[in-house]
Undergrad: 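Sharing a structure here in C-alpha cells format.
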Amino acid sequence: MSKYVKQLVTRDIQRQLDGVQDAVLVSTVGMDANTTNELRGELAERNITMFVVKNSLARRATEGTSLAPAFEGASGPVAVCYGGEDFVSLVKEVVRLDKDDEKYEKFSATGGVMDGERLDADGVKAVSKWPSREEQVSILVGQILGPGSTLSAAMLGPGKMLNSQLKKISEGDE
C-alpha cells in the first residue's frame, strides 16, 4: 500500500472514530459476506456501528486518543464496534452475539477500551455482567423512593388507625 493511500485510509478511520471514547474489538475472520451483513444489520438495530480495519492503520489513526490502548498487541484485521445507548449495552450485545455459536460461530470479542483503559476478552465479558445505564437508573430511583414510601407508610398507618377508632366512637354515640 502506498504512503498516500495509507494517509487517506488513516484519515478515513479518524473521521469514523471522531468522538468515540469507548469501543469493542471483535474478530470476524472466516465469516462469509452474507453472515457479516446479517451481523451488521443486527448491530445497526441497536445503533451499533461495526467496521473492519487493518490494525496497523487503526493504531496510526488512534494514536494519542483514548482508543489507542485497544489496538496495542492486536494482530490481523479487526472489527471495531462502537455506539449503542451506553458502553455496557454495547458490550452486552457484542457478548450476546459472541455466544451465538449457531449463527455467528466465527464472531468473537477480542478486546476493547473503556475510559482509556485496555480491556482483554475476559475484561469485555466481565463488563457485560454490569447493569446497563437504564438498569442503573431504575436501581437508583428505587433507592431514592424506598425511604419515602417507608416514611409515608409509617405516618399513614397510625392516622388510619386513629381515623377508624374515631369512626367507631362516633357511630356508637348515635
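For this chain, numbers begin at 1 and follow the sequence in order.
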Undergrad: Would you say Leu119 and Val24 are hydrophobically clustered, going by side-chain heavy atoms of ILVMFWY under 4.5 Å?
TA: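 Both belong to a single hydrophobic cluster.
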Undergrad: Are Met114 and Val91 side-chain neighbours, meaning at least one heavy-atom pair lies under 4.5 Å?
TA: no
Undergrad: State the CD-CG distance between Glu38 and Asp32, to the nearest 0.5 angstrom.
TA: 9.5 Å
Undergrad: With sequence neighbours excluded, what pairs up with Glu117 under the side chain to side chain contact (heavy atoms under 4.5 Å, CB included) test?
TA: none
Undergrad: Step by step, work out the side-chain contact (heavy atoms from CB on, under 4.5 Å) result for Val52 and Val78.
TA: CA-CA 6 Å; Val52 178; Val78 294; over 6 Å; no
Undergrad: Under a 4.5 Å side-chain heavy-atom rule over Ile, Leu, Val, Met, Phe, Trp and Tyr, are Ile48 and Val95 clustered together?
TA: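 Yes, Ile48 and Val95 fall within the same hydrophobic cluster.
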Undergrad: Please enumerate all residues that pass side chain to side chain contact (heavy atoms under 4.5 Å, CB included) together with Ser56, with sequence neighbours excluded.
TA: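 Side chain to side chain contact (heavy atoms under 4.5 Å, CB included) list for Ser56, sorted by chain: Lys54, Arg59.
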Undergrad: Without swapping roles, check the side chain of Arg40 against the backbone of Met50 for a donor-acceptor pair under 3.5 Å.
TA: yes
Undergrad: Answer yes or no: is there a donor N or O on one side and an acceptor on the other, between the side chain of Lys92 and the main chain of Trp130, under 3.5 Å?
TA: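 Answer holds: yes.
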Undergrad: Between Leu97 and Leu43, is any pair of side-chain heavy atoms under 4.5 Å apart?
TA: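 The answer is yes; the side chains approach within 4.5 Å.
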Undergrad: Output yes when a side-chain donor or acceptor of Ser27 lies under 3.5 Å from a complementary backbone atom of Ser108, and no otherwise.
TA: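 Not a single qualifying donor-acceptor pair exists.
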Undergrad: Looking at Arg60 and Glu63, is there a salt bridge between them, counting it only when a charged N and a carboxylate O are closer than 4.0 Å?
TA: no
Undergrad: Run the side-chain contact (heavy atoms from CB on, under 4.5 Å) test on Ser66 and Val113 for me, step by step, so that the C-alpha distance in whole Å, both residues' side-chain angles and the decisive distance to 0.1 Å come before the verdict.
TA: CA-CA 8 Å; Ser66 64; Val113 65; 5.7 Å; no
Undergrad: Does some side-chain heavy atom of Tyr104 sit less than 4.5 Å from a side-chain heavy atom of Thr28?
TA: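 No, too far: nothing below the 4.5 Å cut-off.
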Undergrad: Does anything in residues 78-89 pair up under side-chain hydrogen bond (donor to acceptor under 3.5 Å, both in side chains), and if so which pairs, sequence neighbours excluded?
TA: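 Matches after skipping sequence neighbours: Asp86-Ser89.
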Undergrad: Give a yes or no answer on whether the side chain of Asp22 reaches the backbone of Phe87 with a donor-acceptor pair at less than 3.5 Å.
TA: no
Undergrad: Return yes if some donor-acceptor pair links the side-chain N/O of Arg46 with the main-chain N/O of Glu93 below 3.5 Å, else return no.
TA: no
Undergrad: Would a single hydrophobic cluster contain both Val53 and Met31, if residues Ile, Leu, Val, Met, Phe, Trp and Tyr are joined by side-chain heavy-atom contacts under 4.5 Å?
TA: no
Undergrad: Just do the side-chain contact (heavy atoms from CB on, under 4.5 Å) check on Val94 and Phe107 with the steps written out, would you?
TA: CA-CA 9 Å; Val94 168; Phe107 178 81; 4.1 Å; yes
Undergrad: Linking I/L/V/M/F/W/Y whenever their side-chain heavy atoms sit closer than 4.5 Å, directly or via other members, would Phe51 and Leu57 fall into one cluster?
TA: yes
